[in-house]
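As C-alpha cells, the structure follows; a few thoughts come after it.
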Amino acid sequence: MARANDEVAEALREYADLFALEGGDAFRVRSYQRAAKAIAGYPEDLRAGHARDVPGVGSAIAAKVEEFLGRGSFRQLDELRARIPEGVRRLMGVPSLGPKTALSLYRELGVDSVESLSLAIDEGRLRGLPGMGPRTVENLRLGIERRRQAGERIHLGVADHLAEKVAESLPGAERVAVAGSARRMCETVGGLEVLAVGPAELMSVFTAQSYVAEILSAGDAETSVRTVQGLQVDLRLVPAESWGAALIHFTGDAGHDARLRELAAERGWRLSEHGLFDGDGRIASRSEEEVYAALGMQWVPPPLREDRGEIEAALRGELPALVELEDLRGDLHTHTDLTDGIASLEDMVAAAAARGYSYFAVTDHAPDLAMQRMTLEKALAQRERLARLQEDFPGMRLLHGTELNIGPDGSVDWPQEVLEGFDVRVASVHSHFAQSRDQMTRRLVAACENPGVHVIGHPTTRKIGRRPMVDADWQAVFRAAARTGTVLEIDSYPDRADLPSDLVRLARRHGVKFSIDSDAHAVPHLAYPRFGVGIAQRAALTPDDVVNTWPLDRLLAFLDGGGAPSRP
DNA sequence: GCCGTTTTCGGCCCGACTGTTTTCAGTCG
C-alpha cells in the first residue's frame, strides 16, 4: 500500500499514543507526533534518504526509524505494545475519552476495547471511579453510540454546502466565516468551525435551526451541535476587534497555531484567539494580515497552514505565489449528454464562456466504456457541432477532446488515426481497479508513454467514502509522467479530489505538470475547480505548474510537443 | 523527544468548556 514514510509515521503515531497512555511526558508525546506528521509529509522516501534531514527528527527518533525500516518495528514500540492492548488505544477514539481516562479504565476495570467499555457502562461498573459521575458516564455512552453511526469524514463538497446553509441561517450576524479544515481546503473534513460577529442571540438562533439534531455543548462564546447528517458544527461568537486572531486560531491547523504562539512567546508576547498581546497591551488582532505582520511574517494562505515549512518561508518572505482560481484559463475535462453528462453541448459551452474561459475542452467518453454507447459517427458529429458553435464564441477556443479508457494492459481505445483527430486526449482508469501494484504501475506508465495521451484523468480513481485508491508505485508513475510530459489531472469533482494533495506534492518534486479540471457532468459542476485549486494550493503549486493557467498557444505546444519541457 | 541570531540545558502555546470538584483535571481544538 503505502510509502515507507506513511508506515513509519503510523508507527510513530501509535508510539505517541501508547506513550501518552502510560502518562509519558507531554512534550515528548508532542515530539513523536510532530515527527510523525513531518515524516508523512516528507517528499523523499525515507528508505532513500536520511531521517535526520526531516525537521523534528533528532537522533533518538532517527534511530527508531532506522530500526523500523529494517524490521517493521522498534524495540520501544514492541515493549509498549506488550503492556497495553491495542483496544486501549482505540478507546481514545471515543469523544471526550483521552489518555488519562483510557488508562484508568484499563487499570481499574480491565476495559481493553470499545466493546468492553460499552459492556462496563451497561453493567454500571464505572460508578465510583474518580471523576466518573453520572453525566460523564452518560457522555461516554453517547460518544460510543455517535461514533458507531457517524461513519467517515465527509468530502469538501458536502461541507461547503452545509457551510452555506449555516451562514444563510444567521442573517443577524455582521460577519460569518468558515474556519477549520474546510477553510484550509482539506479534501475531507470531520466537522465545521464557523465564526461570527453579532449579537448574543445568534447562539439561540443557531441551535433552533432545523439542521440541528442535538446540542453537544453551549456557552456564551462557543456552541457545538450535531447536524441531522451527523456532522459536528461549532459556532463561535467573536468580538469584531478579535476577528483576525480568531480566524487564525480556529483555522489552524493545531501545529501551525502552536508555532505562531511560540513565535509570539519568543518576543515576550502572548497570542490567543483574542489577539496578540504584550502584557495587557493589544498589538494586533483585527485582521489576519495584521497579526502575521506583527509577528514579522507574510500572511499565510490557509491551505498552506500545516506546519510543513510555511512558517519559516513566511518569516523569510518567500512563500510561493500560489495558483488561484482566477488563474485558470480553461477546463480540459468535461462531459455532455452525448455520454453520461446531463447538459447539452450548447449549454455547457455557454456556461464555460460565462466563466470567462479562453479555452474549453469537451471530452466525452470513448467507446470502450460500453455503457456510454459512443461511436465514431457520434464523435465526428459532435466535432462538427462544436465547430459551428465556435462561430458564436469568438473569445473562447473550443477544443474537441475525448476521455479515453486505459485498458488493463495500459492501451487506450480509438484507433491511432482517430485519436489524432482530437485536440485534447484525457486517459483514465475506469475498470479493473483491483490489479496488483505491479500491474497497475505498468498500466499507468504505459498510458503516460503513449504519445496519443495528453492527460491522465483522476489518476488514483478513488471515490471518497466509496472506493479506495488503486494500488500503484506512484513514484514510478510520476517519473514516467515527468519524462514523457504527460499531464496529471487534479480532478476537482469533490468526491474524487484526485490526485490528492499529498500525491500532488510528491509528483511536483518529480517535475510533473498538472491540469485542474472540473470533470463536469452538468452545468453547476463547472464551478468545481475551486476545490481542485484548493488541492493545488495545499501542494504549494504555482500557476506555472498548472497547464490550464497557460495561454492556449503554450498549452497546445506543450501537449503536442510530446512532453518536451516547456518554459514560460 | 527536539532545539538554539542571548541557549548544548532548560525551556517547550493558549483558552473554553464540562463535570466533578471545594479549586481543578481532563479533553478538545
Side-chain angles (χ1 to χ4, degrees), chain A residues 12 15-16 19-21 23-38 51-52 54-65 76 91-105 126-140 142-143 179-181 183-184 189-195 203 215-224 232-238 242 245-246 248-277 295-296 305 307 311-312 315-316:
Chain A
L12 285 174
Y15 187 65
F19 192 76
L21 270 167
D25 176 62
F27 294 113
R28 290 174 65 182
V29 173
R30 187 178 158 208
S31 293
Y32 295 124
Q33 288 168 339
R34 284 193 64 182
K37 184 174 159 183
R52 281 302 303 265
V54 182
V57 175
S59 58
I61 291 181
K64 293 179 174 69
V65 169
Q76 297 88 338
L91 286 179
M92 290 196 289
V94 175
S96 83
L97 205 169
K100 297 282 192 296
T101 314
L103 191 70
S104 155
L105 290 169
L126 268 55
R127 226 172 293 146
L129 249 56
M132 280 294 160
R135 309 196 66 144
T136 299
V137 174
E138 176 60 11
N139 281 338
L140 287 178
L142 279 172
S181 50
R183 182 162 181 246
R184 299 199 315 276
V189 304
L192 279 186
E193 299 270 352
V194 182
L195 303 189
M203 287 305 195
I215 299 170
L216 301 175
S217 75
D220 295 338
E222 60 186 69
T223 292
S224 296
Q232 182 170 332
V233 180
D234 300 344
L235 176 64
R236 330 254 174 188
L237 277 187
V238 175
S242 300
I248 290 176
H249 182 85
F250 292 110
T251 296
D253 74 354
H256 179 90
D257 282 359
R259 292 293 311 283
L260 293 183
R261 287 192 288 270
E262 282 174 9
L263 284 179
E266 280 172 24
R267 291 158 170 76
W269 301 336
R270 195 178 75 260
L271 176 65
S272 73
E273 63 262 51
H274 305 301
L276 180 61
F277 296 93
L295 291 171
R305 297 183 193 172
D307 191 19
I311 304 251
E312 293 71 17
L315 283 167
R316 291 192 307 264

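Order of the sequence lines sets the chain letters (A, B, ...), proteins ahead of strands, with each chain counted from 1.
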Which part of the nucleic acid, if any, lies within contact of [X], taking any heavy atom under 4.0 Å across all strands shown: a base, the sugar-phosphate backbone alone, or nothing?
X        : result
A:Pro99  : sugar-phosphate
A:Leu260 : nothing
A:Ser59  : sugar-phosphate

For [N] versus [M], give the span between their [atom1] atoms, rounded off to a whole number of Å.
N      : M      : atom1 : result
B:dG19 : B:dC13 : P     : 29 Å
B:dT5  : B:dG1  : C1'   : 24 Å
B:dG26 : B:dT20 : C1'   : 11 Å
B:dC9  : B:dG15 : C1'   : 29 Å
B:dC2  : B:dT6  : P     : 23 Å

Pick from A:Arg30, A:Arg267, A:Arg270: which one makes a salt bridge (Lys or Arg N to Asp or Glu O under 4.0 Å) with A:Glu262? A:Arg30
Starting from [atom2] on [N], measure out to [atom1] on [X] and report it in whole angstrom.
X        : N      : atom1 : atom2 : answer
A:Gln33  : B:dG29 : CD    : P     : 13 Å
A:Asp307 : B:dC2  : CG    : P     : 16 Å
A:Leu97  : B:dC28 : CG    : C1'   : 13 Å
A:Met92  : B:dG29 : CE    : P     : 14 Å
A:Arg52  : B:dC3  : CZ    : C1'   : 10 Å
A:Glu266 : B:dC3  : CD    : P     : 14 Å

The answer to which of A:Gly98 and A:Lys64 contacts DNA chain B further toward the 5' end, by nearest nucleotide, is A:Lys64
Walking DNA chain B from its 5' end, the first of A:Val94 and A:Val57 to be reached, judged by nearest nucleotide, is A:Val57
Provide the closest heavy-atom pair for [X] versus [Y] in the form atom of the first, atom of the second, distance.
X        : Y        : value
A:Leu315 : A:Leu295 : CD2-O, 3.9 Å
A:Ala102 : A:Met92  : CB-CG, 4.2 Å
A:Ala20  : A:Pro99  : O-CB, 3.9 Å
A:Leu271 : A:Arg261 : O-CD, 3.1 Å

So if I take every side-chain heavy atom of A:Lys100 and compare against B:dG26, B:dG29, B:dC2, which nucleotide ends up nearest? B:dG26
Let's test this: given Watson-Crick or G-U wobble pairing with both distances under 3.5 Å, identify the partner of B:dT8. none
Strictly below 4.0 Å, N to O, side chains only: are A:Asp234 and A:Arg236 in salt-bridge contact? yes
Sugar-phosphate or base contact per nucleotide [nucleotides 10-19 of chain B; S, B, -; heavy atom under 4.0 Å]: --BBSSSSSS
Residue pair A:Asn139 / A:Ser96, side-chain donor-acceptor N/O under 3.5 Å: no
For A:Arg184 and A:Thr251, indicate whether the former's side chain and the latter's backbone hold a donor-acceptor pair under 3.5 Å. yes
Can you check whether A:Thr101 has a side-chain N or O nearer than 4.0 Å to OP1 or OP2 of B:dT27? yes
